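Got a structure for you, written out below as structure tokens; questions coming shortly.
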Amino acid sequence: MDNLNLTTLQKGQTMVNDVAIDAFAAGFRGSLLTSKDMDYNEARTIWNAMIDRSPGLIARCAGAADVVRAVRFARDNNLLLSVRGGGHGIAGNAVCEGGVVIDLSAMKSVRVDPQTRRARIEPGATLADVDLETLAFGLVLPTGINSTTGIAGLTLGGGFGWLTRKFGLTLDNLLSVDVVTADGELVKASEKEMPDLFWALRGGGGNFGVVTSFEFKLNPLNTEVLAGLVVHPFADAEMVLKEYRQALEAAPDELTCWVVMRQAPPLPFLPAEWHGKEIVVLAMCYCGDIAAGEKATSRLRAIGNPIADVVGPVPFTGWQQAFDPLLTPGARNYWKSQDFASLSDAAIEVLLNAVRKLPGPECEIFIGHVGGAAGRVPTEATAFPQRSSHFVMNVHARWREMGMDGSCIDWARDLFEATKPHSVGTAYINFMPEDEGDRVETAYGANYGRLAEIKRRYDPNNLFRMNQNVKPMAAVRAA
């Protein structure tokens with residue numbers, strides 16, 4: 001941190017005063033990185049390889065005091081500010097150009113109290129970090145499906161995965177947060193303390209501050225679940241999808257089953273002749289008694305004539321990591337998402353036509369089913385917008401070569417447009433790319449107005465704007 005020279009750190013057209021920079025560096029307990037440091041390029045690299053930004057300063061925080069100092073430094077010097085947790089967000093808002101990145105990745109503590117069934121988790125922890133600690137005590141927090149995802153962004157945007165139907169969204173299990181607000185103060189928010197801010201943080205993304213600690217309730221879970229894949233040929237896709245949606249009508253909360261349509265990767269349990277061919281995959285998990293799970297999954301597993309059925313008892317930690325090899329960092333990614341109230345025949349036809357036009361071997365369409373416990377929470381209870389039992393479509397364009405940008409992005413956008421007539425308008429904010437800022441208001445539906453008012457009170461100058469941005473109410477009225 002000696003002789004820190006931030007030649008690219010600017011506010012407007014004026015360099016930040018050296019005295020202010022030196023004062024910030026002198027009191028910072030973590031590490032400060034600039035383009036002159038060996039670790040800088042690694043620190044500015046995130047999961048989505050399409051994002052290539054060069055911040056003026058990366059502030060790797062060691063604790064809440066560092067976060068407070070970094071927020072105040074950015075605010076006082078009118079600097080663009082972004083916040084990095086796991087760096088997994090599709091929009092790439094974890095990194096800004098020319099400003100300050102508050103990097104929370106070193107803050108990874110997960111502390112479990114098995115007596116109270118609670119966990120205190122820092123924002124740099126990944127889902128793998130969380131699972132390893134909680135499941136050691138036979139407890140679990142419902143999270144997502146990729147273990148390298150960061151807990152912070154997942155929670156603030158919603159958080160759904162294999163256990164959502166049984167235990168709710170990740171944010172439904174949130175009890176309190178310590179958060180640094182735009183005025184540089186560390187406060188606690190919960191149902192009883194600053195309840196309006198707590199409401200907004202449960203689904204409002206990074207719009208309202210930097211969370212330095214999450215307190216969650218945990219749920220009992222056997223370390224082993226019934227989970228796996230049933231793989232069908234794409235020629236049977238229409239039949240499979242229609243029977244799939246019927247089977248879900250009687251599914252218990254313990255059962256989750258999602259659909260993936262893509263070209264078959266070289267999985268060891270698939271015959272070689274299917275590698276690279278279009279397939280339909282039913283990915284399922286039953287988080288209760290194994291014998292009951294065999295009965296609950298039987299209808300789904302009886303659909304058609306699958307190429308492979310590899311559903312069986314597995315450790316939940318292993319199942320949580322099953323899709324990690326298909327979602328490693330370093331690829332270029334672009335997503336589009338819709339919420340469907342039902343998986344209609346017309347929507348199925350649109351989806352199947354898109355699979356026939358896959359632009360690359362890693363591109364896929366994912367259909368998640370969200371309901372159960374998560375669907376029994378009132379819409380107005382949290383900022384998260386869609387509480388009815390519904391299907392989430394994620395159009396996942398993924399490729400390696402820059403020359404494929406146009407074809408892959410166009411494919412995702414075309415499918416998004418084609419599915420609009422079948423959607424309900426809301427969207428999962430964590431699945432939205434950076435070019436969907438104009439969609440934020442409709443994505444939040446009836447909850448947007450309250451979010452904008454709370455934003456006005458806690459961040460009137462929109463310091464926290466590197467996100468799917470909720471504009472302060474005054475800005476909305478002036479627009």
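On a predicted model such as this, the values are computed, not experimentally measured, just so you know. All values below were derived from every heavy atom in this structure, side-chain atoms included, with hydrogens, water molecules and symmetry-related copies excluded.
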Next on the checklist: Listing request: all salt bridge (charged side-chain N to carboxylate O under 4.0 Å, His left out) pairs with a residue in residues 82-101, at least two apart in sequence or in separate chains.
Outcome noted: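 Output for this query is empty, none listed.
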Checklist entry - For residues D196 and Y458, is any side-chain donor paired with an opposing acceptor at under 3.5 Å? => result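 Note: D196 and Y458 side chains meet the donor-acceptor criterion.
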Item to check | side chain to side chain donor-acceptor pair (under 3.5 Å) involving D410 - partner list, sequence neighbours excluded | outcome: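 Scan of D410 (side chain to side chain donor-acceptor pair (under 3.5 Å), adjacent residues dropped) gives none.
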Item to check | Under 3.5 Å donor-acceptor, N173 side chain and F216 backbone | outcome: no
Checklist outcome for this item: Residue pairs meeting side chain to side chain donor-acceptor pair (under 3.5 Å), one or both in residues 158-169, sequence neighbours left out, come to K166-E254
Next on the checklist: Restricting to side chain to side chain donor-acceptor pair (under 3.5 Å), what partner residues turn up for D339, sequence neighbours left out?
Outcome noted: T426
Item to check | Residues forming a side chain to side chain donor-acceptor pair (under 3.5 Å) with D345, sequence neighbours excluded | outcome: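 R245.
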Checklist entry - Is a side-chain donor-acceptor pair under 3.5 Å present for D435 with Y334? => result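 Y334 vs D435: donor-acceptor pair found between side chains.
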Checklist entry - Do any pairs count as a salt bridge (charged side-chain N to carboxylate O under 4.0 Å, His left out) and have a residue in residues 142-157, sequence neighbours left out, and if so which ones? => result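 Sorted result for residues 142-157: empty, none.
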Checklist entry - Under 4.0 Å between a Lys/Arg side-chain N and an Asp/Glu carboxylate O for R456 and E453? => result yes
Next on the checklist: Hydrogens and angles aside, do N447 and R450 bring a side-chain donor and acceptor to less than 3.5 Å of each other?
Outcome noted: no
Next on the checklist: Among residues at least two apart in sequence or on other chains, which ones pass side-chain contact (heavy atoms from CB on, under 4.5 Å) with P315?
Outcome noted: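 Partners of P315 under the side-chain contact (heavy atoms from CB on, under 4.5 Å) test: T317.
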Checklist entry - Under the salt bridge (charged side-chain N to carboxylate O under 4.0 Å, His left out) test, which residues partner R44, sequence neighbours left out? => result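 Result, salt bridge (charged side-chain N to carboxylate O under 4.0 Å, His left out) vs R44: D52.
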Checklist entry - Is the Y444 ring parallel, tilted or perpendicular to the Y448 ring (thresholds 30°, 60°)? => result tilted
Checklist entry - Which salt bridge (charged side-chain N to carboxylate O under 4.0 Å, His left out) pairs, counting each pair once, include a residue from residues 98-110, with sequence neighbours left out? => result R60-D103, K108-D129
Next on the checklist: Using the rule given for ring pair (Phe, Tyr, Trp, His ring centres under 6.0 Å), can you reason through W258 versus F160, listing the C-alpha separation, both sets of side-chain angles and the distance that settles it, and then say yes or no?
Outcome noted: CA-CA 12 Å; W258 297 342; F160 73 90; 5.7 Å; yes
Checklist entry - Is the shortest distance from a Lys or Arg side-chain nitrogen in K336 or E417 to a carboxylate oxygen in the other one below 4.0 Å? => result no
Next on the checklist: Is a donor from one side chain sitting under 3.5 angstrom from an acceptor on the other, for E436 and S337?
Outcome noted: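 No donor-acceptor contact under 3.5 Å links the two side chains.
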Checklist entry - Pairs in or reaching into residues 258-282: which pass salt bridge (charged side-chain N to carboxylate O under 4.0 Å, His left out), with residues at least two apart or in two chains? => result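 Residue pairs passing salt bridge (charged side-chain N to carboxylate O under 4.0 Å, His left out), neighbours aside: R262-E364.
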Checklist entry - Mind checking what makes side-chain contact (heavy atoms from CB on, under 4.5 Å) contact with P421, not counting sequence neighbours? => result none
Item to check | ring-ring contact (aromatic ring centres under 6.0 Å, His included) pairs, two or more places apart, involving residues 393-416 | outcome: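 Passing the test, one end in residues 393-416: W335-H396.
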